[in-house]
Amino acid sequence: MNPTIKNFLKEHAPVKILTAYRAFANGYPALRRAALKQARRFERTYSKPSSKGAEQVQARMIFFAHQIEKGLSHMHFRYGFGKRPLASLAKEMKMYRAAVPDYRSSQSYHCALAALHEYVVRHEGHEEALQYVKDLFSEETWHEIQTEQSNLGGSIVISRDSKQNNANLPFKELSENRHSIREYADQPVTYEELLPAVQLAMRTPTVCNRQPARLHIILNPETIGKVLAYQGGFNGYKEPPALLLITADNAVFMAPQERNEGFTDGGLFGMSLLLSLEREGLAACPLNTMMKEGAEEATRKLLNIPDSENMVMYVAVGHFPDEVKTCVSHRFKASDIITVIQ
Ligand SMILES: Cc1cc2nc3c(=O)[nH]c(=O)nc-3n(C[C@H](O)[C@H](O)[C@H](O)COP(=O)(O)O)c2cc1C
């Protein structure tokens, strides 16, 4: 060996070993440690059925009230729907009253009351269903439900005509009038109709402009039916004419600390896409891809999703029917979620 190289190696070998070790330690072990730490923090703080913290109970109360809103917004109303979510909502509202002494001034509590109020009003004359709800609540809460005046929960009606001018709406109006639509006109959606919305969503910012979002467009009704059966959050609705799957490609990321970035960038892409679809006058609903292992594996196989891609969300797309109902899905006030750090 050339003596100069030999001397160089002799002198630098420890540095090389150190560099190699650092590269190794910053690789898989760091990824594992960070992922485990993240998993433990999630486990400590998420809303388990038994957690009694006000935030956790509120999340479950909103979740079950939203199930009722979904049932109320079905085009083909099913009398007596939702026995299980009604019972769960009653339980969570009780827990909420225990966790939040000032529950009467909580908008989330009124969302639940308003959804239940609409449930009761629309079941007038259906004594069995009404009796079922009444039996779930104390006399005081039953009175609150009956006398609830707010429109913070329940269903609203959207018409196709109201969407004709969407391409000319200012951002504030477009954003305020977008709602998740789960029932569509009986009309196919084509690739060509989707493309302008996808092209506009390409303006979404991403980390260092690496653009991890990928879009899988599913137009085959049989495949849509199969993947939505795995997805599980669209039960009771007819299959949408188009289903889009947003994924994020891990191949664009460069370090363990970027492991969640695809969900951020993919989520931002999803929001842009929803607004772009709305601008194009197409009805849409984001759907989660947070499936259990078996369902996720089956979906990946069915759709042939590359190993490098994480699923971020689906978007169901269709044309607006003449008239459709959807959930109020009331939002917190901005001040409810702000912490000002001095
Ligand atoms: C990531 C994500 C996942 C969602 N998953 C579902 C779902 O599985 N089923 C469903 O019916 N709605 C789903 N939704 C729609 C929400 O219920 C809806 O966005 C929320 O209630 C707010 O209502 P809006 O979209 O009408 O403003 C999802 C929304 C997002 C953003």
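Indexing begins at 1, ligand by ligand and atom by atom, following the structure's order. As the structure is a computational prediction, the values presented were derived from the model and not from experiment.
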**Student:** Using side-chain heavy atoms (C-beta onward) and a distance below 4.5 Å, is Q231 in contact with T289?
**Tutor:**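 SC-SC contact between Q231 and T289 ruled out.
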
**Student:** Given a heavy-atom cut-off of 4.0 Å, could you list the residues near ligand 1 in chain and number order?
**Tutor:**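 Residues H66, K70, R178, H179, S180, R182, Q231, G233, C285, P286, L287, N288, S329, R331 each place a heavy atom under 4.0 Å from ligand 1, listed by chain and number.
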
**Student:** For residues 108-115, which side-chain N or O atoms pair as donor and acceptor with protein atoms under 3.5 Å away, sequence neighbours left out?
**Tutor:**
unit_1, atom_1, unit_2, atom_2, d
S108, OG, Q58, OE1, 3.0
Y109, OH, R97, NH1, 2.8
Y109, OH, E144, OE1, 2.7
H110, ND1, E148, OE1, 2.9
H110, ND1, E148, OE2, 3.2
H110, NE2, R104, O, 2.6

**Student:** How would you list all residue pairs meeting ring-ring contact (aromatic ring centres under 6.0 Å, His included) that involve residues 236-269, not counting sequence neighbours?
**Tutor:**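 Pairs touching residues 236-269 that pass the test: H74-Y237, F234-Y237.
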
**Student:** Tell me whether E69 contacts the main-chain N or O of T326 through its side chain, where contact means a donor paired with an acceptor under 3.5 Å.
**Tutor:**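 Looks like no, no N/O pair under 3.5 Å.
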
**Student:** Identify each donor-acceptor pair in which a side-chain atom of residues 23-46 lies under 3.5 Å from a protein atom, sequence neighbours left out, and give them as a table.
**Tutor:**
unit_1, atom_1, unit_2, atom_2, d
N26, ND2, R22, O, 3.4
Q38, OE1, N260, ND2, 3.4
T45, OG1, R41, O, 2.7

**Student:** Looking at Y79 versus F77, is the centre-to-centre ring distance below 6.0 Å?
**Tutor:**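 Between Y79 and F77, the centre distance is under 6.0 Å.
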
